[in-house]
Amino acid sequence: MDNAPFTLYGTTLAARLLLGTAQYSSPAVLAAAIKASGTEVVTVSLRREAGGNRAGESFWSLIRELGVKVLPNTAGCRSVKEAVTTAQMAREIFATSWVKLEVIADDDLLQPDVFGLVEAAAILSHDGFQVFPYTSEDLVVAERLIGAGCEVLMPWGAPIGSGRGLNNAFALQALRKRFPAVPLIVDAGIGTPAHAAAAMELGYDGVLLNTAVAKAGDPVAMARAFALAVEAGRVAYCAEPIPPRDMAEPSTPQLGRAFVELPRRA
Amino acid sequence: MLIQVNGKELEVEAPTLSALLRELGYEGTVVATALNQAFVRAVDRTATPLKSGDAVEVLVPRQGG
């Protein structure tokens, strides 16, 4: 194994950290965080213009100036119809066939509606989209998504914005082992760089996060911290970590240890 | 005629989707459109008539996670 660049739908990327663009305190902080993260891919969305101030146009200009690739999302969509229409609108406006497909089922956990997700993924893949499905860690759903045409999977670590890390590392690891050739990206729930490193140590190809950087006390420094953690986790995975043991195993050699022949005094 | 634009009821005169964008001041801006939850390509807006009760979405790029 090596720490080579990886490929998403034919696009080769060196950076394995993907970053969301929402919730930053200002466009300047957003731009600085993107630069500090070293990311090559950022997520964007479509929304109704608020207030007639052309903020959307200004945002889009900023992203284009940064020269990063965009991954439009269908955030907030509650039905297959909404998600498909939003994806079609995004393809035209952002000029990309990439789409981070979200079909949300539950208000409290923002849990993916995996049934709608598979249906929407099949429709969009058939229509020429390159779908990045925001999904759960369910292995059977993953199989269905691949069958629907998805060449990348993005299981959640934990609910969006929760910062809880990898709620089900066992299932995430099972996905990795079951689909060794499919690019896997942990999307959502990451809170600290340690969570991101843990995802990478499981063999995940990348991490997508937003809130953990945008809402940090110093988003630019945190973006850098996540970049380092993702790289460290990837290098560690490639270096093949030792398996955990139940009992201690001395690291200092036992051969040549002093005093081993002396009788113990009472 | 009375239609909905981005969830708000509006009295408009525009007979087509492209005329509506002009009427609402969107001309020259980067927007994506949908009519009654179906995507309408930019090139099809001129040939897309509006009728009373239609629901139009006009979306712009925004930050996303």
Side-chain angles (χ1 to χ4, degrees), chain A residues 18-24 27 30 42-50 52-64 70-76 79 81-82 84-95 100 102 110 127 134 160-161 187-188 208-215, chain B:
Chain A
L18 293 76
L19 201 60
T21 56
Q23 306 184 82
Y24 291 85
L30 166 62
V42 298
T43 50
V44 294
S45 73
L46 284 181
R47 285 293 183 265
R48 295 166 171 170
E49 186 80 276
N53 56 5
R54 298 201 172 191
E57 210 161 302
S58 160
F59 165 70
W60 184 218
S61 295
L62 172 69
I63 295 301
R64 280 181 296 185
V70 294
L71 175 58
N73 69 29
T74 63
S79 70
K81 174 76 173 168
E82 280 180 35
V84 168
T85 300
T86 302
Q88 291 167 331
M89 296 169 87
R91 178 166 62 179
E92 181 178 76
I93 215 164
F94 293 114
K100 175 185 164 181
E102 294 184 36
L110 297 178
D127 191 23
Y134 162 65
I160 294 171
D187 173 17
L208 169 53
L209 57 93
N210 190 154
T211 307
V213 167
K215 304 304 282 184
Chain B
M1 70 183 143
L2 194 62
I3 65 171
Q4 275 196 17
V5 179
N6 287 349
K8 291 181 182 173
E9 287 199 328
L10 283 182
E11 186 68 36
V12 300
E13 295 179 358
T16 65
L17 190 50
S18 58
L20 177 71
L21 295 181
R22 275 197 302 278
E23 187 175 327
L24 299 181
Y26 284 109
E27 199 171 29
T29 63
V30 178
V31 298
T33 53
L35 176 61
N36 300 326
Q37 291 202 6
F39 170 55
V40 179
R41 299 183 302 166
V43 294
D44 295 331
R45 290 174 192 156
T46 304
T48 301
L50 297 177
K51 63 180 186 310
S52 184
D54 276 345
V56 175
E57 291 285 344
V58 184
L59 303 187
V60 299
R62 291 294 290 274
Q63 297 86 345

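Proteins get letters first, then strands, A, B, ... in listed order; numbering begins at 1 in each. What's counted below: heavy atoms across the whole structure, side chains too, no hydrogens, waters or symmetry copies.
- By number of non-hydrogen pairs under 4.5 angstrom with chain B, the leading residue of Leu208(A), Asn73(A), Val42(A) is Asn73(A).
- Nearest approach of Leu46(A) to Ala32(B), heavy atoms of both residues: CD1-CB, 4.4 Å.
- For the atom pair CD (Gln63(B)) and CD (Gln23(A)), the distance works out to 10.5 Å, reported to the nearest 0.5 Å.
- Open room surrounds CD on Glu13(B); 12 or fewer heavy atoms of other groups in view lie less than 6.0 Å from it.
- Pairing each heavy atom of Gly65(B) with each of Ala22(A), the nearest pair is N-CB, 4.3 Å.
- Annotation: Arg41(B), atom CZ; neighbour count of heavy atoms from other residues, nucleotides and ligands within 6.0 Å does not exceed 12.
- In terms of heavy atoms, Phe39(B) sits closest to Thr85(A) at N-CG2, 3.7 Å.
- Residue contact with chain B, scored on non-hydrogen atoms closer than 4.5 Å, involves the side chain of Phe94(A) exclusively.
- The residue among Ser45(A), Gly20(A), Ser58(A) with the most heavy atom pairs within less than 4.5 Å of chain B is Ser45(A).
- Among all heavy-atom pairs drawn from Thr33(B) and Met89(A), the shortest one is C-CE, 3.4 Å.
- What you find for Pro61(B) and Ile93(A) is that their closest heavy atoms are CD-CD1, 3.8 Å.
- In terms of heavy atoms, Val30(B) sits closest to Glu57(A) at N-OE1, 3.8 Å.
- Proximity to chain B involves both the backbone and the side chain of Gln88(A), based on heavy atoms less than 4.5 angstrom apart.
- Looking at Arg62(B), its side chain never comes within 3.5 Å of a backbone N or O of Arg47(A) through a donor-acceptor pair.
- Here Thr29(B) is the residue among Thr29(B), Val58(B), Leu24(B), Val40(B) with the most heavy-atom pairs under 4.5 Å with chain A.
- Within the 4.5 Å cutoff, the side chain of Leu59(B) has heavy atoms near those of the Arg48(A) side chain.
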